[in-house]
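Just so you know, these numbers come straight off a predicted model, no measurement behind them.
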Amino acid sequence: VQLMESGGGSVQAGGSLRLSCVASGYIFFKPNCLGWFRQAPGKGREGVASIDSYGNIVYADSVKGRFIISQTEANHTLHLQMNSLKSDDTAMYYCAVSRFQNQHRLSHPLYPAEITNWGRGTQVTVSS
């Protein structure tokens with residue numbers, strides 16, 4: 001069972017990137033909550049965006065209005081469209097799954113302690 005991220009890279013401030021995460025096996029079977037996390041050097045891992053089995057989406061305040069999380073269920077893929085990127089967005093970005101979650105998630109993205117499966121990460125670097 002694997003999660004494989006792609007789409008990271010280097011971009012100038014104000015630019016855009018689209019991250020994708022492909023899941024193998026049964027990892028995206030519902031119920032679940034899917035999410036993107038990031039970790040900058042010297043900082044903890046933070047939830048950026050989550051989407052639950054009911055389609056509820058929540059974002060961290062720092063990315064609201066700029067990032068969009070979506071999924072393509074047919075090919076088990078999770079996406080993160082990142083627009084108006086800032087230097088503060090520089091981090092390693094991780095795809096993650098919290099399996100068996102059957103709750104409506106309405107207030108905050110996933111926390112690291114909730115995660116059952118992690119991807120290996122993809123680096124995003126934003127230069128000012």
Side-chain angles (χ1 to χ4, degrees):
V1 176
Q2 287 186 329
L3 296 170
M4 185 66 68
E5 301 97 336
S6 63
S10 297
V11 65
Q12 289 191 331
S16 299
L17 285 172
R18 180 176 172 84
L19 306 183
S20 294
C21 172
V22 178
S24 63
Y26 49 84
I27 198 169
F28 273 11
F29 283 15
K30 294 180 179 179
N32 61 37
C33 190
L34 311 177
W36 288 95
F37 286 74
R38 67 185 180 186
Q39 187 166 18
K43 295 187 177 181
R45 195 168 293 190
E46 63 167 342
V48 172
S50 298
I51 180 168
D52 67 22
S53 292
Y54 305 96
N56 298 303
I57 291 174
V58 288
Y59 296 98
D61 288 343
S62 57
V63 306
K64 280 181 183 176
R66 301 188 297 122
F67 289 12
I68 301 170
I69 187 172
S70 62
Q71 64 174 327
T72 306
E73 293 190 42
N75 57 7
H76 307 296
T77 306
L78 184 69
H79 306 281
L80 186 68
Q81 177 67 40
M82 304 186 296
N83 302 319
S84 302
L85 282 162
K86 307 174 182 179
S87 56
D88 287 349
D89 296 319
T90 295
M92 184 72 79
Y93 282 73
Y94 298 89
C95 173
V97 180
S98 178
R99 298 186 63 212
F100 311 119
Q101 278 217 18
N102 196 27
Q103 299 170 346
H104 290 265
R105 192 166 199 93
L106 303 175
S107 60
H108 191 278
L110 287 164
Y111 294 98
E114 300 179 272
I115 301 304
T116 55
N117 300 86
W118 291 98
R120 293 188 176 183
T122 184
Q123 178 67 38
V124 171
T125 302
V126 184
S127 58
S128 57

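Residues Val22 and Ile115 do not share a hydrophobic cluster, defined by chaining ILVMFWY side chains whose heavy atoms lie under 4.5 Å apart. A continuous path of ILVMFWY side-chain contacts below 4.5 Å connects Leu19 to Ile57, so both sit in one hydrophobic cluster. Follow the hydrophobic side-chain contacts under 4.5 Å out from Leu3 and you reach Ile69 in the same cluster. Tracing side-chain contacts under 4.5 Å through hydrophobic residues (I, L, V, M, F, W, Y), one reaches Leu34 starting from Tyr93; they form part of the same cluster.
A donor-acceptor contact closer than 3.5 angstrom links the side chains of His79 and Ser20.
Here the closest non-hydrogen pair linking Arg105 and Asp52 is N-OD2, 2.8 Å. Residue Ala13 comes nearest to Ser128 through the heavy atom pair CB-CA, 4.1 Å, listed as atom of the first residue, atom of the second, then distance. Taking every heavy atom of both residues into account, Gln81 and Ser16 meet most closely at NE2-CB, 3.9 Å. For Leu78 against Ser70, the heavy-atom pair with the smallest separation is CD1-O, 3.3 Å. The nearest pair of heavy atoms linking Val63 to Val48 is CG2-O, 3.6 Å. Closest non-hydrogen pair, Pro31 versus Ser53, comes out as CA-OG, 3.3 Å.
Ile51 is not listed as a side-chain neighbour of Asn56, based on a closest heavy-atom distance of 4.5 Å or more.
Side-chain atoms of Thr77 never come within 3.5 Å of backbone atoms of Thr72 as a donor-acceptor pair (strictly under, hydrogens ignored). Judged purely by atom type and a 3.5 angstrom limit, Glu114 uses its side chain to pair as donor or acceptor with the backbone of Tyr111. No donor-acceptor distance shorter than 3.5 angstrom exists from the side chain of Thr125 to the backbone of Ser10, with no hydrogens or angles considered. Looking at Tyr59, its side chain never comes within 3.5 Å of a backbone N or O of Arg66 through a donor-acceptor pair. With hydrogens and angles ignored, the 3.5 Å screen pairs no side-chain donor or acceptor of Ser50 with any backbone N or O of Gly35.
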Q: Step by step, work out the side-chain contact (heavy atoms from CB on, under 4.5 Å) result for Val58 and His108.
A: CA-CA 6 Å; Val58 288; His108 191 278; 5.8 Å; no

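With rounding to the nearest 0.5 Å, the separation of CZ in Arg45 from CE in Met92 is 9.0 Å. The distance from atom CG of Leu85 to atom CG of Leu17, rounded to the nearest 0.5 Å, is 5.5 Å. Here the straight-line distance linking atom CD of Gln71 with atom CZ of Phe28 works out to 7.0 Å at 0.5 Å rounding. Atom OH of residue Tyr94 and atom CG of residue Leu80 lie 15.0 Å apart, to the nearest 0.5 angstrom. To the nearest 0.5 Å, atom CH2 of residue Trp36 and atom CE of residue Met82 are 8.0 Å apart. Summarising the geometry, atom CD belonging to Glu5 is positioned 5.5 Å from atom SG belonging to Cys95; distances are rounded to the nearest 0.5 Å.
More than 12 heavy atoms of other shown residues, nucleotides or ligands fall within 6.0 angstrom of atom CD in Gln123. A 6.0 Å sphere centred on CZ of Arg120 holds no more than 12 heavy atoms belonging to other residues, nucleotides or ligands. Within a 6.0 Å radius of NZ in Lys86, other residues, nucleotides and ligands contribute 12 heavy atoms or fewer.
Between Arg38 and Glu46, at least one side-chain nitrogen of the basic residue sits less than 4.0 Å from a carboxylate oxygen of the acidic one, meeting the salt-bridge criterion.
In summary, the aromatic rings of Phe37 and Trp118 are positioned with their centroids under 6.0 Å apart.
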